[in-house]
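Values reported hereafter were calculated over all heavy atoms of this structure, with side chains retained and with hydrogens, waters and symmetry mates removed.
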Amino acid sequence: MQDMQRSVQDLWRSWSRDYVSQLHQRSKWRRPTSDVKQGQLVLLKLDNYPPLQWPLGRVIQTVTGSDGRVRVVVVKTASGEYKRAITEVAVLPIESNEGEGSSASSSNDEVVG
């Protein structure tokens with residue numbers, strides 16, 4: 001039983017370190033990426049939780065910086081609305097009718113409301 005639990009924990013650690021981190025890689029200097037759009041599904045990155053416990057939400061509003069690029073998003077989750085920098089959310093690679101896009105992230109726990 002303990003061997004199985006250890007295997008599950010090892011798999012979880014590997015997956016969270018490798019796959020989820022790829023969802024919110026920064027490519028600032030490598031190549032241009034498309035902005036986060038309204039309607040995209042994202043995971044809210046929470047430093048105190050493992051990635052499978054990060055809340056799932058949908059972008060309901062975007063805020064652009066002085067350069068015209070999206071820098072902040074408002075995300076609606078099952079527990080409320082949160083305002084996050086794009087560096088603290090991980091955009092899921094799922095296309096939807098409302099929007100599609102690249103990855104980004106934020107880690108403030110500020111509830112918008």
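Between V75 and L44, the closest side-chain pair of non-hydrogen atoms falls below 4.5 Å. Residues L46 and P55 have side chains in contact (heavy-atom distance under 4.5 Å, counting atoms from C-beta outward). Looking at V59 and V42, their side chains come closer than 4.5 Å, going by heavy atoms from C-beta outward. Two residues are said to be in side-chain contact when any heavy atoms from C-beta on lie closer than 4.5 Å; L43 and L56 meet this criterion.
Using a 4.0 Å cut-off between a side-chain N of Lys or Arg and a carboxylate O of Asp or Glu, K37 and D35 do not qualify as a salt bridge.
Atom OG1 in T62 sits 10.0 Å away from atom CD in Q40 (nearest 0.5 Å).
Y49 and W54 make their closest contact through O-NE1, 3.1 Å (heavy atoms, listed as atom of the first residue, atom of the second, distance). The two residues V73 and V70 make their nearest non-hydrogen contact at CG1-CG1, 4.0 Å.
Remark: side-chain polar atoms of R58 are not paired, donor with acceptor, to backbone N or O of L41 under 3.5 angstrom.
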